Trainee: 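Can you keep this structure in mind? I'll have questions shortly.
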Amino acid sequence: MTIRSDSRPDSLGRKALRSTVWVPQLLVAAIFIGAGSAKLAMPYAEVVHTFGAIPQPLLIVASTLEVIGGLGVLLPSLTRIAPSLTVWAALGCALLQAGAALFHLLQGDTTELPLNLALIALPLAVAWLRWRVAPIRPRTKNRPI
């Protein structure tokens, strides 16, 4: 019995890969939506105590961008409406974390740096996976919703 290169095991491997890519993508979405929402919901004094002396307008903008970025990593792929936006949202999340790392470094705080680096690497991985490894095709126009 010979196995052709386009046989079922290969398609199962691709399907498993596409399913596996959802794990870091969901993790990025959960982290960014959760962190941004938590900071927006916390009293400002508590945020300053937890994260350092961050100006309130910067906190609001950064936290809002975290929530938007987390939603952007998830929703375009889930709905298959402009799924390429997932890549851009993931890159935006990485850039936001790079800014957070720089903010902490400028304050002389290096304790958050390993977390910031991990939260830069994870969205970059999602961007690469959704761009090159397992992109999601957009919905076709002639197919009903």
Side-chain angles (χ1 to χ4, degrees), residues 3-44 46-52 54-107 109-145:
I3 299 177
R4 296 184 341 220
S5 63
D6 62 341
S7 66
R8 188 155 171 75
D10 182 46
S11 65
L12 284 175
R14 284 297 291 167
K15 187 174 183 175
L17 176 65
R18 285 192 308 269
S19 297
T20 303
V21 172
W22 279 103
V23 174
Q25 189 172 350
L26 290 169
L27 187 60
V28 167
I31 289 169
F32 279 82
I33 293 168
S37 299
K39 285 183 261 184
L40 287 170
M42 269 188 223
Y44 178 66
E46 189 177 334
V47 173
V48 169
H49 177 71
T50 306
F51 297 102
I54 180 170
Q56 192 170 16
L58 178 60
L59 170 72
I60 293 168
V61 169
S63 300
T64 302
L65 289 174
E66 282 180 321
V67 173
I68 292 169
L71 291 171
V73 166
L74 187 60
L75 292 179
S77 293
L78 276 178
T79 63
R80 291 180 43 203
I81 298 172
S84 62
L85 291 178
T86 294
V87 174
W88 291 105
L91 292 173
C93 288
L95 186 61
L96 188 62
Q97 276 306 306
L102 181 62
F103 176 80
H104 287 292
L105 287 173
L106 290 175
Q107 287 192 328
D109 179 14
T110 58
T111 58
E112 298 292 326
L113 193 57
L115 177 62
N116 290 136
L117 292 176
L119 291 176
I120 292 169
L122 190 59
L124 287 177
V126 168
W128 179 74
L129 288 166
R130 283 300 180 203
W131 178 47
R132 288 290 185 188
V133 178
I136 293 179
R137 285 182 283 179
R139 274 187 196 176
T140 58
K141 292 181 183 178
N142 59 358
R143 197 171 138 208
I145 296 177

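Only a predicted model underlies this, so the values are computations on that prediction, with no experimental measurement involved. Atoms considered below: every heavy atom in the structure, side chains included; atoms not considered: hydrogens, waters and symmetry mates.
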Trainee: Would the distance check show the side chain of R80 and the main-chain N or O of R137 forming a donor-acceptor pair, the cut-off being under 3.5 Å?
Mentor: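 A pair under 3.5 Å: yes.
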Trainee: Which heavy-atom pair separates V133 from R14 by the least distance, and what is that distance?
Mentor: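 Scanning both residues completely, I find the closest heavy atoms to be O-NH2, 3.2 Å.
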Trainee: Please report the shortest heavy-atom distance between A101 and N116, naming the atom on each side.
Mentor: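 That closest heavy-atom pairing would be CA-OD1, 3.5 Å.
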Trainee: Just list the side-chain donor-acceptor pairs under 3.5 Å for residues 59-67, sequence neighbours left out, or say none.
Mentor:
from : atom 1 : to  : atom 2 : distance (Å)
S63  : OG     : L59 : O      : 2.8
T64  : OG1    : I60 : O      : 2.7
E66  : OE1    : G36 : N      : 3.4
E66  : OE1    : K39 : NZ     : 3.0
E66  : OE2    : K39 : NZ     : 3.1

Trainee: CG/L85 to CG/L91 distance, rounded to the nearest 0.5 angstrom?
Mentor: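 Reported value, rounded in 0.5 Å steps: 11.5 Å.
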Trainee: So, for P123 and A118, which heavy atoms are closest and what is the spacing to 0.1 Å?
Mentor: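 So the minimum-distance heavy-atom pair works out to CD-O, 4.4 Å.
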Trainee: Distance from F32 atom CZ to L119 atom CG, nearest 0.5 Å?
Mentor: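 Atom-to-atom, F32:CZ and L119:CG are 5.5 Å apart.
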Trainee: Kindly give the heavy-atom pair with the smallest separation between C93 and G70, and that separation in Å.
Mentor: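 Scanning both residues completely, I find the closest heavy atoms to be SG-N, 4.1 Å.
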Trainee: In Å, rounded to the nearest 0.5 Å, how long is the span from CD1 of I120 to CG of L113?
Mentor: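 Nearest 0.5 Å value for the CD1-CG distance: 8.0 Å.
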Trainee: Is any side-chain heavy atom of W22 less than 4.5 Å from a side-chain heavy atom of I136?
Mentor: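 Answer yes - side chains close enough.
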Trainee: Would you give the length of the straight line joining atom CD of Q97 to atom CD of E112, rounded to the nearest 0.5 angstrom?
Mentor: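 So the gap between those two atoms works out to 9.5 Å.
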Trainee: What closest approach, in Å, do A29 and L74 show between heavy atoms, and which atom pair accounts for it?
Mentor: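 Nearest pair, atom of A29 first, then L74: CB-CB, 3.9 Å.
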Trainee: Starting at NZ of K15, measure out to CG of L17 and round the result to the nearest 0.5 Å.
Mentor: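 These two atoms lie 13.0 Å from each other.
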Trainee: Hey, what do you get for CG (L122) to CG (L117), rounding to the nearest 0.5 Å?
Mentor: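 Separation between the atoms: 12.5 Å.
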Trainee: Please name the pair of heavy atoms, one in V73 and one in Q25, separated by the smallest distance, quoted to 0.1 Å.
Mentor: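 That would be O-NE2, 2.7 Å.
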